[in-house]
Amino acid sequence: MAIDNLTIYLGTVSVLGIAVVWWAASSLLKSKSNREKRLRRLKNFNSVQTSAPKSENQVGEIDAAVEKIEDRFSIIRKITFFFIFVVLGLALSLPFLNSMPAAMVSLVVAVSTTVLGFAAKPVIENIIAGVVLSLSKAIRVGDTVVVENQYGTVEDISLNHTIIKLWNWKRLIIPSSKMLSLELESFTYNDPYIWVHVEFYTSYDNDLERVRQLAIESVQSSKHFISQEPPGFWVMDLEKDAYQCWVAGWTNSPSRAWNLASDIRTEIAIRFQAAGIKTHHYRVHMEPQQASSDLTSYVQTLNSSASG
């Protein structure tokens with residue numbers, strides 16, 4: 001009877017082990033395939049459009065990113081299967097632990113805990129974090145993000161670190177264990193569309209309707225503006241010397257959003273200057289001596305006029 005129970009136990013554990021291995025392999029393959037397809041659909045791998053020579057090799061950058069994904073998932077698959085087989089081996093060996101000396105079991109557990117707890121702790125933390133980041137949808141290769149006040153594109157997610165290609169093409173390298181706890185702003189989590197806004201100030205002396213018209217025209221004149229709906233204009237606050245205004249419009253990628261914001265600021269400056277619109281209310285400040293001299297001259301002029 002004991003042999004039958006042992007056989008049933010070993011058979012059940014083996015079947016469950018095979019099912020877990022099959023599920024893990026299918027899940028990893030599906031996740032890898034989805035990430036590769038998403039990268040192939042990307043039209044721009046940089047956070048800012050540039051005419052630098054390397055930007056002409058766009059397909060090469062995407063191919064390199066796909067190859068890195070394949071390498072990373074190959075390592076993840078090996079690590080996953082290793083841990084599955086370790087757990088499966090321990091589960092299969094449980095019925096036979098009674099026949100092993102208790103001192104030997106305690107020694108093996110103590111040594112393993114010490115090695116994993118101290119010597120390999122940083123490595124294991126980074127590996128676990130790297131696996132979590134690789135499988136997570138919160139951050140993916142090709143995403144445009146702001147992390148630690150740095151704007152760029154996720155170039156690679158390895159098991160040890162994440163590489164962010166910044167807007168100026170420098171690289172920000174963050175350990176995986178730290179990356180897992182950082183807050184980041186993603187521009188491409190659900191879709192690439194971005195509502196770009198520019199803030200500016202204008203004097204109370206100006207015609208606000210004219211300001212609104214010129215600001216909206218500044219958005220519409222940019223080739224990066226997507227005209228799926230008209231630009232928006234708002235007076236956000238009434239400051240002491242000026243209106244605080246926002247103008248905004250849609251675009252369809254983070255790199256175009258960068259250029260759209262620049263175009264809006266440039267056009268507002270040019271159009272306001274041409275129309276004689278002041279951004280703030282300027283007061284003339286004179287030195288006390290100059291003010292006193294001007295007042296004396298003004299009084300003398302009035303007296304002369306009265307005498308005449």
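The figures that follow rest on heavy atoms only: side chains count, while hydrogens, waters and symmetry mates do not.
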Is [X] reaching over with its side chain to a backbone N or O of [Y], donor-acceptor style, under 3.5 angstrom?
X	Y	result
Arg171	Trp169	yes
Asn206	Lys278	yes
Ser31	Ser27	no
Thr188	Thr144	yes
Arg271	Ile277	no
Asn168	Lys170	yes

What closest approach, in Å, do [X] and [Y] show between heavy atoms, and which atom pair accounts for it?
X	Y	answer
Leu182	Glu148	CD2-OE2, 3.7 Å
Arg256	His224	NH2-CA, 3.1 Å
Arg140	Ser136	CG-O, 4.1 Å

When hydrophobic residues are tied together by side-chain contacts of less than 4.5 Å, even through go-betweens, does [X] share a cluster with [Y]?
X	Y	value
Ile226	Phe233	no
Trp258	Tyr193	no
Trp234	Val247	no
Tyr204	Leu208	yes
Val219	Trp250	no

Any chance you could measure [X], atom [atom1], to [Y], atom [atom2], to the nearest 0.5 Å?
X	Y	atom1	atom2	result
Ile139	Ser134	CD1	OG	10.0 Å
Tyr201	Cys245	OH	SG	9.5 Å
Leu214	Glu209	CG	CD	10.0 Å
Asp143	Glu185	CG	CD	12.5 Å
Ile216	Ile268	CD1	CD1	10.5 Å

Side chains of [X] and [Y]: closer than 4.5 Å at any heavy-atom pair?
X	Y	value
Phe73	Leu135	yes
Val146	Phe187	yes
His197	Met236	no
Phe225	Val196	no
Glu267	Ser222	no

| task | Under the salt bridge (Lys or Arg N to Asp or Glu O under 4.0 Å) rule, collect the residues that match up with Arg210, sequence neighbours excluded. | result | none
| field | Distance-only donor-acceptor check, side chains Gln213 and Glu217, under 3.5 Å | value | yes
| task | Check the pair Trp246 / Val198 against side chain to side chain contact (heavy atoms under 4.5 Å, CB included), numbers first and verdict last. | result | CA-CA 6 Å; Trp246 278 17; Val198 169; over 6 Å; no
| said: Check this for me: Glu183, atom CD, are more than 12 non-hydrogen atoms of other residues, nucleotides or ligands nearer than 6.0 Å? | reply: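 No, the 6.0 Å shell around CD holds no more than 12 heavy atoms from other groups.
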| task | Please check if atom CD in Gln273 has more than 12 non-hydrogen atoms from other residues, nucleotides or ligands closer than 6.0 Å. | result | no
| Leu28 and Lys32: CA distance, side-chain angles, deciding distance, side chain to side chain contact (heavy atoms under 4.5 Å, CB included) verdict | CA-CA 6 Å; Leu28 290 174; Lys32 180 178 77 70; over 6 Å; no
| task | Considering only Ile, Leu, Val, Met, Phe, Trp and Tyr, and joining two whenever side-chain heavy atoms are under 4.5 Å apart, list the other residues clustered with Trp22. | result |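 Direct or chained contacts put Trp22 with Trp23.
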| note | Note: with side-chain heavy atoms under 4.5 Å as the link, the other cluster members for Val15 come out as none
Can you give me every donor-acceptor pair (side chain of residues 74-91, partner residue at least two apart or in another chain, under 3.5 Å) with its distance?
{"residue": "Thr80", "atom": "OG1", "partner": "Ile76", "partner atom": "O", "Å": "2.7"}

Donor-acceptor pairs are to be reported for all side-chain atoms of residues 157-166 against protein atoms at under 3.5 Å, with residues two or more places apart or in another chain.
{"residue": "Ser158", "atom": "OG", "partner": "Asn160", "partner atom": "N", "Å": "3.3"}
{"residue": "Ser158", "atom": "OG", "partner": "His161", "partner atom": "N", "Å": "3.0"}
{"residue": "Ser158", "atom": "OG", "partner": "His161", "partner atom": "O", "Å": "2.8"}
{"residue": "Lys165", "atom": "NZ", "partner": "Asn46", "partner atom": "OD1", "Å": "2.7"}
{"residue": "Lys165", "atom": "NZ", "partner": "Glu61", "partner atom": "OE2", "Å": "3.4"}

| field | Pair listing, ring-ring contact (aromatic ring centres under 6.0 Å, His included) test, anchored in residues 260-279, at least two apart | value |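 Checked against ring-ring contact (aromatic ring centres under 6.0 Å, His included) - neighbours excluded - the pairs reaching residues 260-279 are Phe200-Phe272.
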